[in-house]
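Every chain is numbered from 1 and lettered A, B, ... according to where its sequence line falls, protein lines coming before strand lines. What you see below is based on every heavy atom in this structure, not just the backbone, and it leaves out hydrogens, waters and symmetry mates.
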Number of protein chains: 2
Amino acid sequence: MKRDSRLSSVLHALLHMAEQKELMTSEQLAICMCTNPVVVRRTMGLLRDAGLVTSARGPSGGWMIAADLEKVTLRDLHEALGEPAIFAIGNRNESPGCLVEQAVNAALDGAFADAEALLLDRFAKVTLAKLSADFNRRHAAHRARS
Amino acid sequence: MKRDSRLSSVLHALLHMAEQKELMTSEQLAICMCTNPVVVRRTMGLLRDAGLVTSARGPSGGWMIAADLEKVTLRDLHEALGEPAIFAIGNRNESPGCLVEQAVNAALDGAFADAEALLLDRFAKVTLAKLSADFNRRHAAHRARS
DNA sequence: CTAAATCGTAATAAACGAAGTTACATGAAG
DNA sequence: CTTCATGTAACTTCGTTTATTACGATTTAG
Ligand code: FES
Ligand code: FES
């Protein structure tokens, strides 16, 4: 299955924006992330709808973070993206008439539900501020080495 | 979204085979599961390679369970299927040169690794025997109602 | 007012992977 | 030898994600 990488993408974009503190255009973000400006606008548009970033049109337009880095978590971003399906594995048939399938689905669904709960919980504990701090640690270590 | 449903499929097939105790042909299994005999053979072939079932050709050929129902877990089946990717969400770029992306990937990978560990752990605790017992409970309840 | 820059969005194509299908070879039973 | 069933390769179909093209709408500068 083709994996949805939008969460990874928007995180990358947001951290760049957090570093840079200035407006960034979708073209700049696209070049930086090796993708297309339209893809950036489409994805960032979902974050704007959730109030996490703002966009402005015209010359001197672009994108800016609109939320508190301490408050925004990976889970907020996941939700802003429409809570895409997490698992690439699933039941063959969601509405089974067959009792065998019901027993199978019950077992699988329980396990998946628990794993999903754990993942979302982990997401909820990571803020953009923490990620930014992590980046700065790596950056300092990187400069120290060279 | 197109999800890998082979685990669900083989479970269904195995429980049917456990009930029926006799050889079943890929054609029978395919009819029962609303799919194609070749798909059944392809998928069950992986289980055969793992020693979980046996297959016989020719007239009076077919498929049979070759393992102890008490010992085979969902995790064994997942492994027999080649440990397919579990998540439909992932990093944009697995080998990033950029430090921002490294920070993002580290955070996401950690969360996904924990969720995967939990899921596989849950899988390891469910044996075919337990599923079969669960089915029989449902079946008894079903007959009681009608 | 005009021109340039930028977002907003629809429509379409490309890329990819899972499942389904066709076709035929291989081997076992009678 | 004939029949039945598996083994497998090749191809098609389908759904999803990402990329691309195209153009309209809005804002700023001069
Ligand atoms: S690509 Fe992450 S540094 Fe710009
Ligand atoms: S489809 Fe045969 S009962 Fe599950």
Side-chain angles (χ1 to χ4, degrees), chain A residues 1-10 12-13 17 22-50 53-64 66 78 81-94, chain B residues 1-10 12-13 17 22-50 53-64 66 78 81-94:
Chain A
M1 137 156 342
K2 195 142 181 127
R3 286 169 139 196
D4 180 345
S5 60
R6 289 176 303 161
L7 180 57
S8 168
S9 289
V10 297
H12 198 158
M17 291 160 72
E22 292 166 16
L23 275 178
M24 290 185 74
T25 67
S26 55
E27 176 126 19
Q28 290 175 298
L29 289 168
I31 289 171
C32 173
M33 297 162 66
C34 295
T35 181
N36 190 292
V38 177
V39 174
V40 172
R41 291 203 286 271
R42 208 152 50 200
T43 312
M44 295 292 284
L46 296 172
L47 302 196
R48 181 195 51 228
D49 295 346
V53 301
T54 56
S55 62
R57 300 208 251 200
S60 82
W63 301 85
M64 207 167 48
H78 176 67
L81 292 175
E83 306 195 41
I86 288 176
F87 296 107
I89 299 180
N91 292 329
R92 167 175 207 72
N93 181 355
E94 288 296 347
Chain B
M1 167 163 306
K2 192 122 186 164
R3 300 196 295 188
D4 180 344
S5 61
R6 288 177 303 162
L7 180 58
S8 169
S9 289
V10 297
H12 197 157
M17 290 161 73
E22 293 167 14
L23 275 178
M24 289 185 75
T25 67
S26 56
E27 176 126 19
Q28 290 175 298
L29 288 169
I31 288 171
C32 173
M33 297 162 65
C34 295
T35 181
N36 189 292
V38 177
V39 174
V40 172
R41 292 203 286 271
R42 205 153 50 199
T43 313
M44 295 293 284
L46 296 172
L47 302 196
R48 181 194 53 229
D49 295 344
V53 300
T54 56
S55 61
R57 301 207 253 200
S60 82
W63 300 85
M64 205 167 49
H78 176 67
L81 292 175
E83 306 195 40
I86 289 176
F87 295 106
I89 298 179
N91 292 331
R92 166 175 207 74
N93 180 356
E94 287 296 346

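- One distance of note links CG of B:Asn36 with CG of B:Leu29; it measures 12.5 Å at 0.5 Å rounding.
- Atom-to-atom, CZ of B:Arg6 to C1' of C:dA18 comes out at 8 Å; the value is rounded to the nearest Å.
- Rounded to the nearest 0.5 angstrom, A:Thr54 OG1 and A:Trp63 CH2 are separated by 8.5 Å.
- Per the geometry, CE belonging to A:Met64 stands 13 Å off P belonging to C:dC7, to the nearest Å.
- Between A:His12 atom NE2 and D:dT18 atom P the separation is 16 Å, expressed in whole Å.
- The CG-C1' distance, from B:Asp4 to D:dC14, rounds to 15 Å in whole Å.
- Between A:Leu81 atom CG and D:dT17 atom P there is a gap of 12 Å when expressed in whole angstrom units.
- Contact check, A:Ser26 against C:dC7: a side-chain N or O comes under 4.0 Å of OP1 or OP2.
- Only B:Arg48, listed by number, bring a heavy atom of residues 43-50 of chain B to less than 4.0 angstrom from any atom of DNA chain D.
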Next on the checklist: Please evaluate residues A:Met24 and A:Met44 with respect to the criterion side-chain contact (heavy atoms from CB on, under 4.5 Å), reporting the C-alpha separation (whole Å), side-chain torsions for both, the decisive distance (0.1 Å), and the verdict.
Outcome noted: CA-CA 12 Å; A:Met24 290 185 74; A:Met44 295 292 284; over 6 Å; no
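- The main-chain N or O of B:Met33 is found under 3.5 Å from a side-chain atom of A:Arg92 such that the two form a donor-acceptor pair.
- Residue A:Leu29 contributes atom CG, which lies 13 Å from atom C1' of C:dT6 at whole-angstrom precision.
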Checklist entry - When every nucleotide of nucleotides 21-30 of chain C is labelled 5' to 3' by its protein contacts under 4.0 Å (heavy atoms), B for base, S for sugar-phosphate only, - for none, what sequence of letters results? => result BBB--BBBS-
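- Distance check, rounded to the nearest 0.5 Å: OG1 of B:Thr25 to CD of B:Glu27 gives 6.0 Å.
- Here SG of B:Cys34 is found 9.0 Å from NE2 of B:His12. Values are rounded to the nearest 0.5 Å.
- A:Ile31 has its CD1 atom 13 Å from the P atom of D:dT20, to the nearest Å.
- Rounded to whole angstrom, the span from the CZ atom of B:Arg3 across to the P atom of D:dT16 amounts to 11 Å.
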